[in-house]
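Okay, structure first, notes after.
Chain naming here is simple, since letters A, B, ... match the order of the sequence lines and numbering starts at 1 in each.
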Amino acid sequence: MLLSLHLALQALGFSDMEDSELVEMYLVSRGDRYFGELYRRYSPKVYGKCITMLNNEAEAADAVQDIFEKVLMRIGSFRQDSKFGTWLFTITNNYCIDLLRKRKRLRGKVGDMPETDIEDVVEESDWLQDQSPLAIRHILDNLSELDRAALVLMYMDEMSVKEIAVQMGLQESATKMRLKRARQRAKKIYDVWNSGHKAYA
Amino acid sequence: MSKEVKPPKRESGWDLLRQENEEKHKPDFNPIRGAIRRNEFLGSLVELFVSAIVGVSKFNLGAKESDPNQKSDLKE
């Protein structure tokens, strides 16, 4: 029966199949076409996330391969409680944050700001939300690794503080602090960049 | 009754940056295909090993026939 289902699905083409069906068919048949279709659907998104987080094209390309190999190893334990995409992006975020932590450890703790009041992290006016891609790219290029990760999770993935805390392995209060500092640094970077732009205009 | 149509969400600079980054991707499935083949090979080796063990225990291969007169070492 599985064979006939397999043949029927092949005749239909993979593009009509749900992610969950592709996962199931891959687990049953171990056919690389099913996993290949998942790769085709998600690898650009994973790459996009990695390059934004890691800020390095070569590292992002390697990260995509590593992440899909991890998925391959763990797909047997994927219980489909969540969507495949959600599961994959959790693995992607974990991978990138681990890599950024390793980088930070290698470079040492440089440039940490003193603790400040954290209450207004989320309530501040959202100037960062309304910036152009060019400005955002400039800001991200000049932020530290973990600041960049925190802002990407907040603005690009639209995660809540609670979700970011889980993803980054921090307490909620520490996450708020991280976000507040990241936004302060982002503002400084943006102001310098923007005044340069205005001077040339 | 007319349905209320929601205006499409305005794409923010973050959405546009994400799209720009995704477009840079050059997919290469070959290394993953290689990993799938490696997994398959390892899986079949494990399967072979398990069936060999099951075979040995099921058919009692290589074991001597037990002597019905032999007394057990265990104290009764």
State, with a plain yes or no, whether a side-chain heavy atom of B:Arg18 is found less than 4.5 Å away from one of A:Asp157.
yes
How many angstroms lie between CG in B:Asn21 and OG1 in A:Thr52, if you round to the nearest 0.5 Å?
4.0 Å
Begin from the C-alpha positions of B:Lys24 and A:Tyr47 and carry the test side chain to side chain contact (heavy atoms under 4.5 Å, CB included) through to its verdict.
CA-CA 8 Å; B:Lys24 285 183 195 166; A:Tyr47 179 82; 3.8 Å; yes
Within a 6.0 Å radius of atom NZ on A:Lys83, are there more than 12 heavy atoms belonging to other residues, nucleotides or ligands?
no
For residues 63-72 of chain A, give me every residue with a non-hydrogen atom less than 4.5 Å from any non-hydrogen atom of chain B.
A:Val64, A:Gln65, A:Phe68, A:Glu69, A:Leu72
Measure A:Ser132 against the heavy atoms of chain B and call it side chain, backbone, both or neither at under 4.5 Å.
backbone
By a 4.5 Å heavy-atom criterion (distance strictly below it), what part of A:Phe35 contacts chain B: side chain, backbone, both, or neither?
both
Please check if the side chain of B:Trp14 supplies one atom and the backbone of A:Leu128 the other of a donor-acceptor pair under 3.5 Å.
yes
For A:Pro133 and B:Leu16 the tightest heavy-atom approach is CG-CB, 3.6 Å
Rounded to the nearest 0.5 Å, how far does OG of B:Ser12 lie from CD of A:Glu158?
7.0 Å
Contacting moiety of A:Leu134, where chain B heavy atoms sit under 4.5 Å
neither
Please tell me if the side chains of A:Ser43 and B:His25 come closer than 4.5 Å, counting only heavy atoms from C-beta onward.
yes
Closest-packed option against chain B by number of heavy-atom pairs under 4.5 Å, given A:Lys45, A:Gln131, A:Arg40:
A:Lys45
Against chain B, work out which of A:Cys50, A:Gly36, A:Ala135, A:Ala61 has the most heavy-atom pairs shorter than 4.5 Å and name it.
A:Gly36
Residues 26-36 of chain B side chain polar contacts: donor-acceptor under 3.5 Å, at least two apart:
unit_1, atom_1, unit_2, atom_2, d
B:Asp28, OD1, B:Asn30, N, 3.2
B:Asn30, OD1, B:Arg33, NH1, 2.9
B:Arg33, NE, A:Asp32, OD2, 3.2

Hey, are A:Arg137 and B:Glu20 close enough for a salt bridge, meaning a charged N less than 4.0 Å from a carboxylate O?
yes
